[in-house]
Amino acid sequence: MIDLPPYPPLDPSNYDLIIVGTGVSESVLAAAASSSGSSVLHLDPNPFYGSHFASLSLPDLTSFLHSNSVSPPPLPPSNNHDFISVDLVNRSLYSSVEISSFESEILEEHSRRFNVDLCGPRVVFCADESINLMLKSGANNYVEFKSIDASFVGDSSGELRNVPDSRAAIFKDKSLTLLEKNQLMKFFKLVQSHLASSTENDDTTTVKISEEDMESPFVDFLTKMRLPPKIKSIILYAIAMLDYDQDNMETCRHILKTKEGIDRMALYIISMGRFSNALGALIYPIYGQGELPQAFCRRAAVKGCIYVLRMPITALLLDKETGGYKGVRLASGQEIFSQKLILDPCVTVGLESLSSLTDQQNETLSVLVPKALINKEKVARGICVIRGSVKADVSNALIVYPPKSLFPEQLTAIRVMQLGSGLAVCPADMHVLYLSTLCDNDDQGIKSLLSAMSNLIRLPDPENHQSDSVVENDTCEAKPILLWRALYVQEPVKGEYGGTISSMPSPDGNLNYNEIVESALKLYEQLMGSEELFKEETSVENTTEENDGGVDIED
Amino acid sequence: MHGRQRNEASKPEETAAKALELRSLQSQFMSNHHQKIYTQEAIQLSAKLLGINPESYTAWNYRKLALESRIDEDSDPSLVDSIIDEELRVVQNALKRNPKSYGAWYHRKWVLSKKGHYYSSLEKELQLLNDYQKQCLVNDYQKQDDPKKQDNARNFHAWNYRRFVVELTETSEEDELQYTTDMISDISFSIYSAWHYRSVLVSSLVAKKADGFMPKETIRRELDYVHNAIFTDEVEQSGWFYYLWLLDQTLKMETPLRFSSWPSDGSIITTFCSESGSFPLILYFDQAVSGVNSSTVTIDSELQGHEDLVWEPVSDNKNSQVDSCVWVAHLKFDSGEPCFSRNEYKVKVSLGGIVSSMGCNLSTPYEFVFTVLHTVGESSQQGIVSWTDGFDNWDDAQSKDLISLIALNADAGFEWRKNAIKIEIDHLRNLPDSKFGKLILARLLMAEETMISDDAVKGFHYTEILQLYNDLIALDSWHAQYYKDEHSVALLHKVTSSTKSMSRHLFRYRKMNNIVCLRLNNLTLSRIAAVEKLLFVQMLDLSHNALHSAEGLEAMQFLCCINLSHNRIRSFSALDSLRHLKQLRVLDISHNHIRGENPVDTTRYLCSSPLSNSGEVGREVPCKYWDAYLVLRDLMEMKQFDIRGNDLIFSGEEFSSFVRQVVPKLVWLDGHKLTN
């Protein structure tokens, strides 16, 4: 890391805020802080924006995963100048990385046409907090979106059924019985009426869900509404996007309350109607998820934030007497000082270094101490490049496998997203498939992902290419072929506020950015007080009737 | 549209400015119009005017005149095209302003159907229309299924216009059917016009016997399709309307004509030999029929003078070409006839060649035979008729006199209809919360009841039907009266469904030669029904119910005593039906709500009044009590009349003397014997 070409020293060397890492929450924070007048220095060790949220070409992705899974060797702390410098260590969030390529030549030929997400499958709900933030901050000017065409629920039979998420979808659905349609629609109406009643003043005529019901488990409430298991499954996993099997009391980490369940449904329902040229509730940024942090970074830059890529930090500088935070040392050797520091979740302090620190110093660095995972919850992710599509005539789609639907020991839902060339993420006749699932250990997670993959795609026959044509007659003739695959397990790290030094979250196991964005907003509040974010932008971005609300969605 | 708020009023200065501009445009335009100026400038002025006010019919007409003045049959086609393009553009602008402007839509039609000019882009017109209809507007999440979002799709003008364009471009009906399917599935199934158009297309395809459109399979397919709509959203009425239409088609297909008669087949009737007179022969059909006369109905008996019987429909118009459900003829007998030496003789009646208003033909003749018995006995009533005592219980042995409706046609499609209805009944039972579902279920169960011929299973549904109507009264109080009426109908059908249930209500009145008395009191009846099975009843007790009119009783030609006391009758016009009961002797309408001052029964569309055209021309109607007069004057035989407990005016001397004048044979009035 030290063998960088000599870098000109930065001027000024004093900032209000230094942020390391250009992930989504860091970028949001940079934009917000810059907009409110703080001086911000935003660094990233990588040659690209986005950090763990970036979209990369296949070779770049491969090298990122591999390099991050190995920690560089630590240096001993040095006590020079007026400061104590504590060396920093990059720990890896990725484990069990396995990358296989089946058609190397073709992929190399097109390698520049890929923009593959690190944090996939990830998608934005039209009513997401992140969209609101983008509108507020003006970052929406830098991103274009496209609708996800359809949502499906899958099972072991290989069949993909549309998610009946609106009245028209329920009407058209051929797999629901008449009674099921009736019950599902009644439930939607109840939820909509409940949502409407909370926005209007105390209208006693609209039906509300009782307080008692709101506190009960969501899965019980659904049973109370006489919804059959198939419908419950659709609501829990394909609309509310839950992970754990809600019926299984032992393994379920988090039994959802009705209140939260309704909130999740509300997000989905509100998203459905928000933009008139969005097909459904979900949209995806063209050129990949990496565009989102980039958009915020651009915003920040416009407001005066300084950006330096390819610049890791090697050490923290603490005051000799108070033990408080003073600044950082860049890889170029320069020392930069700031009031506060925000760090990428990979950045930690080596254990050896910690032992030699005073209590005060330890307190300053509290967020950096590597902690054990509380829930031991991990996210297993998979990326496949395929030729063909998992569902004919559909390019961009979300597929959910509820718990136990693929195999009986499946404890958590598996989410799969297919994206096509229309989103400029891959070449024309190919698609990128993202998979993720929560797991307790690496093997369990990988196994789930492989099971989903075999349900949707087929592996190319390595030995005999000739026999392909013979094999094609049987049931998997329609399945797309796998060209490239990456499997890895990622540790989701929550953001943490630590006074002067805080750490941001790594990608979580959710489908959208809500929790990540919430984390950023909370931190902003704690850092800057309760000042409203992006205040001066709202008047500019005011929507008129004909606008989509300012978000550019292509057909 | 119902339930939608109007747009907020704009500021007064703006409206004033607009009005000023409009006024000047209009006056200029009118002068152009009157002087028949059709220059480019004048035409553009009219376009501007229409852009602001598309309702100006004069402006549209002006444009039509202008067009005609500019082009004729020999005009250059490209000129024609450009002029038509211009007209269409003006229409489009006007429609942006008001998408429901009749004038604008009509102008478009007029322009395109102008004879002699062929517009080259007719096919494009259909595509334009498709795009227009599929355009969706508002995107507020709360109004996701709001009609406003689909304004263009729901615009009935557009659908109407569509039919016009389709005819011009000769698009196939199958393609159009697919279009409605696409609109219903992809846009919304709340589009009434789409369903309506569907019904038109389906009817036409079935009538043409197009491929894949045989009636039964089509109805089955459509029923399955509309199930999606009514189950997905049971509150949404558009699906229900189409569903009702389909059920109607199902039930009407190959419906047999049914009838009942008095006397019924195989019955024995008694007449009194001291009177030479006649007895009525009543035919009751379940659909209105015409053409009942002595050539279609032949009588074969030993009585003389039966060849040219006069059949009269029981309605105000006595013409035999009129449609009516009930037809009466009077068979005369004379004690002087030779056959009277024997005490009984048979009469055979044959029916044939009768046409119903729904097109059902009774082609194969139907015959029934009954026996007439003479007895010697007192005929006239001696004392006042009491409704409480003097009654004997019904002897079950006499139950064979009870009538049931007989189906006249051989019913080929019966099985299919029964099965179809059964399926629908099963489906509807799964919608317990829907008022439409309940109502249709009740009607279907009634229909199924009429199709059941097996006596053991008959009458089974009525409990459920009555419960459904009770539920509906609670669920939908706005229409409570309607449900109460239907409840009464169902109740009466239940009572008359089997001999066992009927005999609980039947009695014999000793004092009048044991005539048949039917007691239907205290049953909360608000409407009279099942009359076709009660044609033999002579004495009817309907007291203590909720009746507001005597409608339906006109078919019961045998009635001589009626008790309608303690009901909700508000006027004499409500008793209009009683005029047809020539044999009525005893009438009790005490304790109702009959008002004294010129009341007209508003629950009936047609009732006798000096204002209506019914009633015989020429007879003078008195000013006071004209409503009572119109009813009472036809009750020539009435001997006992009770009108206590109504408006006080009826208890006075004036009314009493009036009644005695109109009804000369009256003996008992309000419980007192009249002195001469």
Side-chain touch [X]/[Y], heavy atoms, less than 4.5 angstrom:
X        : Y        : answer
B:Asn430 : A:Leu178 : no
B:Asp186 : A:Lys172 : yes
A:Lys189 : B:Val235 : yes

Does [atom1] belonging to [X] count more than 12 external heavy atoms closer than 6.0 Å?
X        : atom1 : result
B:Asp131 : CG    : yes
A:Lys186 : NZ    : yes
B:Asp248 : CG    : yes
A:Arg226 : CZ    : no
A:Lys259 : NZ    : no

> B:Glu234 and A:Met185: side-chain contact (heavy atoms from CB on, under 4.5 Å), yes or no, with the steps?
Replying inline: CA-CA 9 Å; B:Glu234 60 196 38; A:Met185 192 64 217; over 6 Å; no
>> A:Arg161: which residues meet the side chain to side chain donor-acceptor pair (under 3.5 Å) condition with it, sequence neighbours left out?
In response: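 Result, side chain to side chain donor-acceptor pair (under 3.5 Å) vs A:Arg161: A:Asp155.
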> For B:Ser203, what residues pass the side chain to side chain donor-acceptor pair (under 3.5 Å) criterion, not counting sequence neighbours?
Replying inline: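 Scan of B:Ser203 (side chain to side chain donor-acceptor pair (under 3.5 Å), adjacent residues dropped) gives none.
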> Considering heavy atoms only, which positions within residues 471-480 of chain B lie below 4.5 Å of chain A?
Replying inline: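 The list, in residue order, is empty: none.
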> Looking at CZ of A:Phe171 and NE2 of B:His227, how far apart are the two atoms once the value is rounded to the nearest 0.5 Å?
Replying inline: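 A:Phe171 CZ to B:His227 NE2: 12.0 Å, rounded to 0.5 Å.
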>> So that I can tick it off, tell me whether B:Asp233 and A:Lys181 are bridged by a salt bridge, with the cut-off set at under 4.0 angstrom between side-chain N and carboxylate O.
In response: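 Salt bridge between A:Lys181 and B:Asp233, a charged N being under 4.0 Å from a carboxylate O: no.
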> Which heavy atom of A:Ala168 sits nearest a heavy atom of B:Ser185, and at what distance?
Replying inline: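 Minimum heavy-atom contact is CB-O, 4.0 Å.
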> What part of B:Ile184 is in contact with chain A, defined as an atom under 4.5 angstrom from a non-hydrogen atom: side chain, backbone, both or neither?
Replying inline: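 Contact with chain A is through both the backbone and side chain of B:Ile184.
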>> Strictly distance-based, threshold 3.5 Å: is any side-chain N or O of A:Asn182 a donor or acceptor partner for the main-chain N or O of B:Phe231?
In response: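 Checking the backbone N and O of B:Phe231 against the side chain of A:Asn182, a donor-acceptor pair under 3.5 Å is found.
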> Can you name the side chain to side chain contact (heavy atoms under 4.5 Å, CB included) partners of B:Asn93, sequence neighbours left out?
Replying inline: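 So B:Asn93 forms a side chain to side chain contact (heavy atoms under 4.5 Å, CB included) with B:Lys96.
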